[in-house]
Colleague: 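Let me begin by handing over the structure; questions about it come next.
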Amino acid sequence: MTDVPSVRGAEVGRRIGVGLMYGLFKPRVLGAWRVPAAGPVIFAVNHSHNVDGPMVMGVAPRPTHFLIKKEAFVGPLDPFLTGIGQLKVDRHSTDRTAISRALGVLEQGGVLGIFPEGTRGEGDFAALRAGLAYFAVRSGAPIVPVAVLGSSGRSGRLIKALPPLRSRVDVVFGDPFDAGDGTGRRTRKALDEATERIQKQLTAHLENARRLTGR
C-alpha cells in the first residue's frame, strides 16, 4: 500500500485555510451540515479560480485531501502541500501512485477533494473526466457536490490572481449521492453511466446553488 497522506496534516491545512480564507474574504457557507460526519466522502468541486481549493479546505467541516496537478508542487509549495495532506497527480498519464493514495484516503474514512472538470474553466461541470466516477464506484464513497460561487467574477486590485479582498464568496454543499448503480460493476460502460449520473447531479446542484445565492 502506498503511503496515505496524514489526516493530521490535512487538519493543519484546514486550520490554515480557515485563517486565510476568513481573513482575506467573506465566505458564506451553506449546507455544510449535509457533509457526512464520518466515513469516506468525495467532494466534487467546480473549478473557476485558483482560490476554490483553499476556500473549500478552509470552510469544509472536515479536513480534505485534494488531488492537485503536479505543476502546482513547485519550490517551497511542494513540501508545504505534501505536509498538509494534499495529493500530487500527473494529469497527463495514468498516475498509479496518486490513484493508490487517493483510494487509501477513502479506505481510511477520509475526505477526498476532486475538481472533476480536470482543469480550471467555466466552473459549470460541463466537461467531466472519468476519474471522479472511478473513485466513487471503486470506493463506494458518496459524492458531495460543492459549488464555489463569486471567486471568478472580478480580480483583486492588489493581487490580480485573487478575488477582491473582503469580497463575498459563497460555498454551497449539496446532498450526498451514490454514483454507482448498486451492482459494484467497474466496467467502462458502468463508469460511463456513472459519469452521466454524476454530471446530472452536479449540474442540478450548481443551478440550485445559484438560485439560493442569487449568483
Side-chain angles (χ1 to χ4, degrees), residues 1-19 21 27 29-47 52-69 73 79-89 94-116 118 128-148 171-186 190-191 194-195 197-198 201-202 205:
M1 176 76 198
T2 312
D3 60 317
V4 175
S6 81
V7 178
R8 185 179 298 172
E11 175 58 27
V12 169
R14 192 179 78 85
R15 290 179 187 180
I16 292 171
V18 168
M21 295 301 109
V29 185
L30 302 171
W33 54 270
R34 293 188 170 104
V35 178
V41 174
I42 299 172
F43 286 160
V45 186
N46 68 323
H47 197 20
D52 297 340
M55 181 62 72
V56 173
M57 278 180 68
V59 305
R62 292 175 60 186
T64 308
H65 305 269
F66 266 100
L67 276 169
I68 300 172
K69 62 182 181 182
F73 288 72
F80 172 71
L81 289 171
T82 302
I84 60 169
Q86 305 310 296
L87 295 154
K88 182 191 303 187
V89 62
T94 303
D95 189 338
R96 299 196 183 284
T97 299
I99 291 168
S100 174
R101 297 184 80 205
L103 288 171
V105 165
L106 296 170
E107 281 167 17
Q108 292 188 5
V111 180
L112 180 67
I114 295 180
F115 299 112
L128 293 198
R129 294 190 167 201
L132 174 56
Y134 174 80
F135 286 120
V137 172
R138 170 90 188 260
S139 68
I143 295 171
V144 170
V146 186
V148 182
V171 182
V172 186
F173 292 90
D175 288 316
F177 67 91
D178 291 319
D181 59 4
T183 66
R185 289 181 306 127
R186 299 200 297 250
L191 290 178
T195 298
R197 271 192 293 277
I198 290 167
Q201 294 270 15
L202 298 188
H205 172 65

Colleague: The criterion is salt bridge (charged side-chain N to carboxylate O under 4.0 Å, His left out); which residues satisfy it with R14, sequence neighbours excluded?
Modeller: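 By the salt bridge (charged side-chain N to carboxylate O under 4.0 Å, His left out) rule, R14 matches E11.
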
Colleague: Got a second to check how far F73's CZ is from K88's NZ, nearest 0.5 Å?
Modeller: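 F73 atom CZ to K88 atom NZ measures 6.5 Å (nearest 0.5 Å).
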
Colleague: Is there side-chain contact between L132 and L202, with at least one heavy-atom pair below 4.5 Å?
Modeller: yes

Colleague: Taking only residues two or more places apart in sequence, or in another chain, which ones meet R8 in a salt bridge (charged side-chain N to carboxylate O under 4.0 Å, His left out)?
Modeller: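 By the salt bridge (charged side-chain N to carboxylate O under 4.0 Å, His left out) rule, R8 matches no residue at all.
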
Colleague: Quick one: are T82 and P5 in side-chain contact, heavy atoms under 4.5 Å?
Modeller: no

Colleague: Which is it for V89 and F66 under the side-chain contact (heavy atoms from CB on, under 4.5 Å) test, yes or no, and what are the steps along the way?
Modeller: CA-CA 10 Å; V89 62; F66 266 100; over 6 Å; no

Colleague: Any chance you could measure I99, atom CD1, to L87, atom CG, to the nearest 0.5 Å?
Modeller: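 With rounding to 0.5 Å, CD1 (I99) is 11.5 Å from CG (L87).
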
Colleague: When rounded to the nearest 0.5 angstrom, what is the spacing between CG in L106 and CG in L112?
Modeller: 5.0 Å

Colleague: Judged by atom type as modelled, is there a donor-acceptor pair below 3.5 Å linking the side chain of H65 to the main-chain atoms of Q86?
Modeller: no

Colleague: State the NE2-CD1 distance between H205 and I198, to the nearest 0.5 angstrom.
Modeller: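 Reported to 0.5 Å precision, the distance equals 14.5 Å.
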
Colleague: Going by atom type alone, with no hydrogens or angles, which donor-acceptor pairs under 3.5 Å involve a side-chain atom of residues 138-145 and a protein atom two or more places apart or on another chain?
Modeller:
unit_1, atom_1, unit_2, atom_2, d
R138, NH1, Y134, OH, 2.6
S139, OG, F135, O, 2.6
S139, OG, A141, N, 3.1

Colleague: For R62, check side-chain hydrogen bond (donor to acceptor under 3.5 Å, both in side chains) against everything at least two apart and list the hits.
Modeller: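 Partners of R62 under the side-chain hydrogen bond (donor to acceptor under 3.5 Å, both in side chains) test: none.
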
Colleague: Can you name the nearest heavy-atom pair linking V111 to P63, along with the distance?
Modeller: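 Smallest interatomic distance, heavy atoms only, reads CB-O, 3.5 Å.
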
Colleague: For L191, does its backbone N or O pair with a side-chain atom of T195 as donor and acceptor, under 3.5 Å?
Modeller: yes

Colleague: Any chance you could measure F115, atom CZ, to D52, atom CG, to the nearest 0.5 Å?
Modeller: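 Reported value, rounded in 0.5 Å steps: 6.0 Å.
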
Colleague: Show me the donor-acceptor pairs within less than 3.5 Å that the side chains of residues 32-45 make with the rest of the protein, sequence neighbours left out.
Modeller:
unit_1, atom_1, unit_2, atom_2, d
R34, NE, D175, OD1, 2.9
R34, NH1, F173, O, 3.1

Colleague: So does A179 get a backbone contact from the side chain of R197, meaning a donor-acceptor N/O pair under 3.5 Å?
Modeller: yes

Colleague: Out of curiosity, E107 CD to S100 OG, how far, rounded to the nearest 0.5 Å?
Modeller: 7.5 Å

Colleague: Apply the test side-chain contact (heavy atoms from CB on, under 4.5 Å) to residues V146 and N46: give CA-CA distance (whole Å), side-chain angles for both, the deciding distance (0.1 Å), then the verdict.
Modeller: CA-CA 7 Å; V146 186; N46 68 323; 6.0 Å; no

Colleague: Looking at side-chain heavy atoms only, is the closest gap between V56 and V148 below 4.5 Å?
Modeller: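 A side-chain contact under 4.5 Å exists here.
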
Colleague: Work out which heavy atom in P54 is nearest to a heavy atom in M21; give both atom names and the distance.
Modeller: O-CG, 3.6 Å

